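A quick write-up on the structure given underneath.
Throughout, residue positions are numbered sequentially from 1 according to the sequence presented. Since the structure is predicted, the reported quantities are computational estimates derived from the model, not experimental observations.
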Amino acid sequence: MSNMSILTTSGITNYINTFKQEQVNKRVLPLSTKKNNISAVVSIWGNVSSKLYSLKSVLSDLAKTGSESVFQNKTATSSDESVISAKVSSSAVPAVFNIKVNQLAKNDILMSNQVSDTDISSLGDDAQSHRVLINDGDYYSFVDISLSATSGRTSKDVMNSLQTAINADYYAKVIDGNNSSFSQITLDNSNNIFKINLNGSIKNITLSNGTYNSYDDLVDEIVSKVNAANVGVSAEKVDGKLKISSNTKSSYVAVDTDTEVAQAIGFTDNKKYKAASDLASVSVFSPLSGNSRLSIMAKSTGSGKLNIADDTGSNLLNSLGISSSVIADRNTKLNASQATAGWVYLGSELDAQLEFNGVNVTKKSNSISDLVSGVTFELESTNTNTQTITITENQTDIKSKINDFISKFNDVYTYVKNNMSSGSMSSRGKLAGDQTAYALLNEMKKFAEKEVTSAADIKSLKEMGITFNASTGLSISDTSKFNNAIQAKLSSVEAFFNTDVVGTTIDETNMENYGFAKQFNYGIIGTFLDGKYDSGGTFRTAMITNLTNSYNKNITQINNNIDLLNKRIDKEADVIKTRLNKMQNQLAQMMAAQGSFNSFFGGYTSSIY
């Protein structure tokens with residue numbers, strides 16, 4: 001570009017853009033490159049931190065003691081899982097059990113008479129109310145069945161009403177109270193509590209202090225305070241009695257009858273009540289076309305789980321053939337063709353029966369958790385053969401956890417190592433010369449070869465077949481030694497990893513008293529990732545945190561310098577542009593003057609000649 005061409009508008013624009021780009025390349029680009037390199041290092045350390053967190057998680061599992069210890073994990077195997085299986089917790093003791101399943105627990109079932117769909121009910125056609133009582137030996141319930149006045153009420157209509165009443169009863173309730181037993185009571189802070197048990201949680205309802213002269217006044221106060229408390233139960237007065245209901249399904253409710261308030265209103269029923277649908281399920285079905293039958297099935301297996309009866313003054317069940325004598329007879333059961341009411345099973349057929357190590361055992365459920373501590377047996381089917389359940393340490397899980405530690409250790413070690421060198425002599429990794437990286441690798445190497453003095457038998461990873469290689473990290477180099485350590489010296493392996501000192505906090509002065517996992521977490525995870533307290537109680541910030549904080553400050557400073565340089569270059573470019581614009585104007589003026597001069601003298605010369 002000639003000097004004159006610069007002083008055009010496009011020439012000035014091109015010159016300024018070129019100047020700015022040259023200055024950016026010369027002065028800004030080196031800073032941007034430096035910032036990008038630092039950002040790449042920060043990103044690498046972020047990845048290292050993430051990998052250290054994964055390693056920390058595995059070490060935390062290996063450091064757990066007692067029932068939470070991974071080395072206490074057990075497994076159960078069955079000779080035939082189609083007959084019996086087992087689940088175990090860490091508290092289970094290794095053992096072998098011989099079990100023969102003779103009978104499975106069953107859900108009790110009570111049948112009504114089989115009747116024609118047109119069979120007229122003995123209850124008649126008038127409006128009436130009935131109450132049916134149910135309990136399973138642990139929990140109680142009741143349902144109220146209201147029959148509207150109708151013409152030609154059938155037994156099937158009654159069956160359907162009972163089915164709806166029980167199956168749609170979702171919330172526990174209890175009703176009690178006796179006006180005749182009331183006497184004036186004065187409440188103060190010592191006796192103004194009404195207690196409700198909701199699924200094992202005691203709800204204390206505080207009543208207003210004062211003298212209550214009537215039963216209704218005190219019941220009304222209870223109803224008001226229960227509903228205002230918003231504790232998962234509601235209250236109302238029904239036919240002069242106090243009704244307490246759960247607001248959540250599958251919960252039980254009970255009233256503490258020992259309080260002065262409960263005694264004052266004659267509330268003496270302290271049983272636990274559940275919803276009727278939690279205790280039984282009712283079905284109406286047609287065994288033959290034009291016929292109907294009702295079945296009532298217990299929700300729980302075992303004997304004594306379906307106790308049902310008409311309440312005093314009611315005879316709804318009786319109208320369906322389910323009389324008190326039928327209910328009481330547990331030594332007779334229905335045959336396949338029998339159309340009268342009765343039980344499907346004998347009472348003796350309802351409980352699970354098994355021979356456990358030669359001893360006869362009876363249980364109400366097919367899931368048995370109260371026979372051997374830490375073991376739940378699941379009965380699947382009966383069999384004439386004796387089955388074997390074997391409880392052992394879960395060596396598969398233990399090996400998996402140790403292998404997980406090795407994998408996470410190597411993930412950190414090789415990642416840092418690879419980022420310190422590119423693998424060639426001509427280039428360097430991003431962490432080359434990084435003293436924190438060198439320190440981390442050195443500490444990891446020390447711990448990989450460390451002896452744990454607190455352990456008795458196995459004192460190092462090497463003694464269980466795990467060795468360290470400076471290039472690749474840890475590996476199980478002796479599989480036979482590793483397997484033997486897990487199979488024959490498991491308690492020593494556990495002590496190596498998770499020895500704890502109860503009542504103390506680990507620091508650099510007592511670290512050697514702990515197992516490998518806690519020492520590693522304190523010595524490496526604490527030093528480089530989390531930070532840690534020293535023996536003097538001073539918190540030491542993690543090295544990676546200090547390092548990345550320093551790098552981030554540098555990045556911030558570089559960004560500020562880049563902003564300043566860009567502004568300076570823009571300002572310099574503006575000064576040059578102003579000068580070039582001035583020169584452009586001057587050139588334009590000179591060109592105009594020259595034109596006038598040439599025009600003048602050109603005309604004068606013509607006139608002479």
Side-chain angles (χ1 to χ4, degrees), residues 49-76 86-95 369 372-376 391-412 443-444 447-448 450-466 474 476 482-483 485-508 510-533 542:
S49 294
S50 178
K51 294 174 186 297
L52 281 171
Y53 273 117
S54 296
L55 177 57
K56 173 188 173 182
S57 177
V58 179
L59 286 163
S60 296
D61 288 341
L62 289 170
K64 290 177 180 177
T65 59
S67 62
E68 294 184 345
S69 170
V70 65
F71 302 97
Q72 294 299 318
N73 286 353
K74 308 297 191 306
T75 185
K87 300 174 183 176
V88 290
S89 68
S90 59
S91 64
V93 176
S369 59
V372 176
S373 178
V375 182
T376 299
I391 311 298
T392 59
E393 288 91 358
N394 195 334
Q395 295 181 7
T396 300
D397 282 358
I398 295 169
K399 290 179 181 179
S400 176
K401 186 62 69 175
I402 294 175
N403 273 301
D404 196 19
F405 159 69
I406 293 172
S407 174
K408 297 296 192 300
F409 178 100
N410 292 342
D411 198 21
V412 176
E443 286 301 309
M444 292 184 76
F447 267 89
K450 183 180 182 62
E451 282 199 357
V452 176
T453 57
S454 62
D457 190 1
I458 294 178
K459 295 182 178 294
S460 67
L461 292 172
K462 186 177 181 179
E463 290 181 8
M464 63 180 80
I466 302 171
L474 293 172
I476 299 175
F482 178 71
N483 290 336
I486 301 300
Q487 293 167 6
K489 301 179 180 180
L490 184 58
S491 60
S492 297
V493 174
E494 179 176 13
F496 169 80
F497 278 106
N498 72 0
T499 293
D500 195 13
V501 184
V502 179
T504 64
T505 301
I506 190 171
D507 59 44
E508 68 274 11
N510 64 8
M511 187 171 72
E512 296 299 325
N513 298 329
Y514 291 81
F516 177 86
K518 281 202 171 183
Q519 288 193 39
F520 197 110
N521 264 339
Y522 181 80
I524 291 183
I525 303 299
T527 299
F528 292 92
L529 180 66
D530 290 343
K532 62 184 182 181
Y533 286 94

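Of the possible donor and acceptor atoms, one in the side chain of Ser90 sits under 3.5 Å from a partner among the backbone N and O of Ser67. For Ser407 (side chain) and Asn403 (main-chain N/O), no donor-acceptor pair under 3.5 Å exists by modelled atom type. The closest donor-acceptor contact from the side chain of Lys74 to the backbone of Val88 lies at 3.5 Å or more, if one exists at all. With hydrogens and angles disregarded, no donor-acceptor distance shorter than 3.5 Å links the side chain of Ser400 to the backbone of Thr396.
Contact record, Phe497 with Leu461: CZ-CD2, 4.1 Å, taken as the closest heavy-atom pair. Here the shortest heavy-atom pairing between Gln519 and Tyr514 reads NE2-O, 2.7 Å. Closest of all the heavy-atom pairs between Ala485 and Met464 is CB-CB, 4.0 Å. The two atoms that bring Glu512 and Thr453 nearest to each other are O-OG1, 3.4 Å, heavy atoms only. Looking at every heavy atom in both residues, Val452 comes nearest to Gly515 through CG1-CA, 4.3 Å. Of all non-hydrogen atoms in Ser492 and Asp457, the two that sit nearest each other are OG-CB, 3.2 Å.
Note that Lys450 lies in the cation-pi zone of Phe447, set by a 6.0 Å cut-off to the ring centre and a 45° limit from the axis.
Side chains of Val412 and Met444 form a contact here, defined as non-hydrogen atoms less than 4.5 Å apart. Annotation: side chain of Val70 is not in contact with side chain of Lys64 (no heavy-atom distance under 4.5 Å). Residues Ile402 and Val493 meet the side-chain proximity criterion, which asks for heavy atoms closer than 4.5 Å. For the pair Asn483 and Lys399, the minimum side-chain heavy-atom distance is below 4.5 Å. In this structure the side chain of Glu508 reaches within 4.5 angstrom of the side chain of Tyr522, judged on heavy atoms.
The 12-atom threshold is not exceeded at NZ of Lys462, counting heavy atoms of other residues, nucleotides or ligands nearer than 6.0 Å. The 12-atom threshold is not exceeded at NZ of Lys87, counting heavy atoms of other residues, nucleotides or ligands nearer than 6.0 Å. Within a 6.0 Å sphere centred on NZ of Lys489, other residues, nucleotides and ligands contribute 12 heavy atoms or fewer.
To the nearest 0.5 Å, atom OG1 of residue Thr504 and atom CD1 of residue Ile506 are 8.0 Å apart. Rounded to the nearest 0.5 angstrom, Ile476 CD1 and Phe482 CZ are separated by 4.0 Å. Atom CD of Gln395 and atom CD1 of Ile398 lie 6.5 Å apart (nearest 0.5 Å). Atom OG1 of residue Thr505 and atom CG of residue Asn510 lie 8.0 Å apart, to the nearest 0.5 angstrom. Taking CD from Glu68 and CG from Asn73, the interatomic distance works out to 11.0 Å, rounded to the nearest 0.5 Å. Taking CG from Leu490 and OG1 from Thr392, the interatomic distance works out to 10.5 Å, rounded to the nearest 0.5 Å.
Using bins of under 30°, 30° to 60° and over 60° for the plane-to-plane angle, the ring pair Phe405/Phe516 lands in the perpendicular bin.
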| message | The test is side-chain contact (heavy atoms from CB on, under 4.5 Å); show your working for Ile525 and Lys532 and say whether it passes. | response | CA-CA 9 Å; Ile525 303 299; Lys532 62 184 182 181; over 6 Å; no
| Stepwise, does the side-chain contact (heavy atoms from CB on, under 4.5 Å) test hold for Val93 with Ile391? | CA-CA 7 Å; Val93 176; Ile391 311 298; over 6 Å; no
| said: Set out, in order, the CA-CA distance, both residues' side-chain angles and the distance that settles side-chain contact (heavy atoms from CB on, under 4.5 Å) for Val58 and Phe409, then state yes or no. | reply: CA-CA 10 Å; Val58 179; Phe409 178 100; over 6 Å; no
| How far apart are the C-alpha atoms of Asp507 and Tyr533, what are their side-chain angles, what is the distance that settles it, and do they pass the side-chain contact (heavy atoms from CB on, under 4.5 Å) test? | CA-CA 7 Å; Asp507 59 44; Tyr533 286 94; over 6 Å; no
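With sequence neighbours excluded, the residues satisfying side-chain contact (heavy atoms from CB on, under 4.5 Å) with Asn410 are Ile406, Leu474.
Ion pairing between a basic and an acidic side chain is recognised when a charged N comes within 4.0 Å of a carboxylate O; Lys408 and Asp404 show such pairing.
A donor-acceptor contact closer than 3.5 angstrom links the side chains of Asn498 and Glu494.
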